[in-house]
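Only one structure is covered here, and it is reproduced in the block below.
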Amino acid sequence: GACGIWGVLAAGLFDWGEGLDHFNGWSGWSCMQDGDGNCQTGIGGTAIAAQLILVISVVAWAGTLSGLAFFALKKTGMLRIDESTEDAGMDFRQHSPPKAYALSSEPAQSSETPVSERKPSKESNSSFSRYNSH
């Protein structure tokens, strides 16, 4: 997002050749040349404008495609999960095995228990030391 935008703009802002009046662009370490082979001067504003147009184009492209994808997901009912899964938690309801997150030797709780009503096991505080005892 913002870091990518800054990277694109910084490339245009800090691409100075011989002094602040020369712009390297695609020319590598030498300045951009005009038709006569002379270094072009005063084209920094044009370079920054090109960078801004690039940023606006990418944001418009990504925003449009994301908007279309989210609109299609919303219309097909695939954007959100159902409320019971939301209450129980996606990890607990959808992923297997549910005991993967259990820090004790007790069996995992039922998937019908909402996250807000779950209580930690008695061994949960001491179970970490069990793994570091070597």
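Note that the numbering runs from 1 along the sequence shown for the chain.
Here the CD-CZ distance, from E86 to R80, works out to 4.5 Å after rounding to the nearest 0.5 Å.
For D82, the side chain to side chain donor-acceptor pair (under 3.5 Å) partners at least two apart in sequence or on another chain are S84, T85. Among residues two or more places apart in sequence or in another chain, the side chain to side chain contact (heavy atoms under 4.5 Å, CB included) test is passed with V55 by I5, V8, L9, V59.
Both V58 and L13 sit in one connected hydrophobic cluster of ILVMFWY residues. Membership requires side-chain heavy atoms under 4.5 Å apart, directly or through other members. Linking Ile, Leu, Val, Met, Phe, Trp and Tyr residues whenever their side-chain heavy atoms come within less than 4.5 Å leaves L65 and I56 in two separate clusters. Two different hydrophobic clusters hold W61 and F71 under the rule that ILVMFWY side chains link at heavy-atom gaps under 4.5 Å.
Applying the 4.5 Å side-chain rule to ILVMFWY residues, one finds F70, L73, M78 in the same cluster as L79.
Contact record, Q51 with A11: NE2-CB, 3.9 Å, taken as the closest heavy-atom pair.
Under a 3.5 Å cut-off, the side chain of D34 and the backbone N or O of D36 do form a donor-acceptor pair.
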